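Read the structure below first, then the notes.
Along the sequence shown, the residues carry numbers beginning at 1. What you see is a predicted model; the values in this text were computed from it and never measured. Each ligand, and each atom within it, is numbered from 1 in the order the structure gives.
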Amino acid sequence: MSDSPTPETSSEAIPNSGSKTRQLLGMKGAAPGETSIWKIRLQLMKPITWIPLIWGVVCGAASSGGYSWTLEDILKAAACMLLSGPLMAGYTQTLNDFYDRDLDAINEPYRPIPSGAISIPQVVSQILILLAAGIGLAYILDVWAGHEFPMVTVLCIGGAFVSYIYSAPPLKLKKNGWLGNYALGASYIALPWWAGHALFGELNPTIVVLTLFYSLAGLGIAIVNDFKSVEGDRQLGLQSLPVMFGVTTAAWICVLMIDIFQAGVALYLISIKQNLYATILLLLVIPQITFQDMYFIRNPLENDVKYQASAQPFLVLGMLVVGLALGHAV
Ligand SMILES: C/C(=C\COP(=O)(O)OP(=O)(O)O)CCC[C@H](C)CCC[C@H](C)CCCC(C)C
């Protein structure tokens, strides 16, 4: 650990239990000073970010129409959740912190790598172990599901590749607000959805196109993440949307994407005669608009986390509604 505390760290010299929890989950505002290497490793894997990926698997299982509540299917689904959450999201988050260590030294110096809490070789070995475990488990799932074509393994390797080009030079997709956030939105919504669907059914072009369309709402969600680091991003030349368009315009782009593309998915559900599910999805957009108005649009810099915490449950519930509608339509 660094000898001279940063202003951020000195103001939190005595971590309370809330900031300790935030630290373990890999959230903004975490307490500094963790010494257990396993807790630091977990912090790098940002468990809070596993939730949407695990949820994507649930939605894919639902949309396949082939999931049943047998012990075998429950175990298969749980293994796929382990793959997409702890292993692959853990891999992508550790990799991201590895390549972002200079940026984080400006924006969030208390993070494990810039604070010196973990060494670079320890980080690299964590990345490689998580990746190898992820690919291994994906292959086991393919064998278990009796796949002739190893779809889950291909999705896992594809996801690992997107993670790499998202974070690492020379492409570093996250430097571009549109490309980076779409990669993020698609990887968080479409990829685990495809994995869950492929495990219990046949992945088809309709699911692929619809989830890629849905991922444009995910792009909006991903933009929310960019408001916490506007200054550092500007200094390092990262073209996030708040840097490109200014905070207010970027906030509007963000909420419009979230709302319009969910509404677009609802229209698709109507077109396949899943009217009840479409109505529920539209009803779930209303509280999101309310929280956008109450928190996010008024002060995106202050209220980004508060907005995500209040509105995201409705968005993710909407995803399950869509999965169930598609499974019902099979
Ligand atoms: C690292 C990611 C986001 C963090 O971005 P950023 O650096 O802007 O934010 P922080 O400042 O908070 O660090 C996520 C990147 C996601 C990536 C593009 C792809 C993820 C792939 C999946 C994990 C693969 C899942 C495959 C599975 C379902 C078979």
How far is [atom] from its nearest protein heavy atom, and which residue and atom name does that atom have?
atom                    : answer
atom 5 (O) of ligand 1  : Tyr166 OH, 2.9 Å
atom 13 (O) of ligand 1 : Asn96 OD1, 2.9 Å
atom 17 (C) of ligand 1 : Thr92 OG1, 3.6 Å

Pairs of nitrogen or oxygen atoms closer than 3.5 Å, one from [X] and one from ligand 1: do any exist?
X      : answer
Glu108 : no
Asp226 : no
Lys174 : yes

Any idea which part of [X] is under 4.0 Å from ligand 1, heavy-atom wise: side chain, backbone, both or neither?
X      : result
Leu173 : neither
Lys46  : side chain
Val57  : neither
Lys175 : neither

Which of the numbered atoms in ligand 1 are under 4.0 angstrom from any heavy atom belonging to [X]?
X      : answer
Met88  : 23 (C), 25 (C)
Cys156 : 29 (C)
Ser84  : 28 (C)
Gly159 : 21 (C), 24 (C)
Pro192 : 28 (C)
Lys228 : 10 (P), 11 (O), 12 (O)

Open item on the list: Regarding atom 10 (P) of ligand 1: of the candidates Met81, Met151, Gln93, Arg111, which has the closest heavy atom?
Closed with: Arg111

TODO: Find out whether Ile289 and Ile258 are in side-chain contact, i.e. whether some heavy atom of one side chain is under 4.5 Å from a heavy atom of the other.
DONE: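 No - every pair of side-chain heavy atoms lies 4.5 Å or more apart.
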
Task: Heavy-atom check, side chain of Tyr164 versus side chain of Thr92, under 4.5 Å - done: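 Tyr164 vs Thr92: side chains apart.
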
Open item on the list: Does the Lys NZ or Arg CZ of Arg101 fall within the cation-pi geometry relative to Phe98 - under 6.0 Å from the ring centre and within 45° of the axis?
Closed with: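 Yes, Arg101 lies over the aromatic ring of Phe98.
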
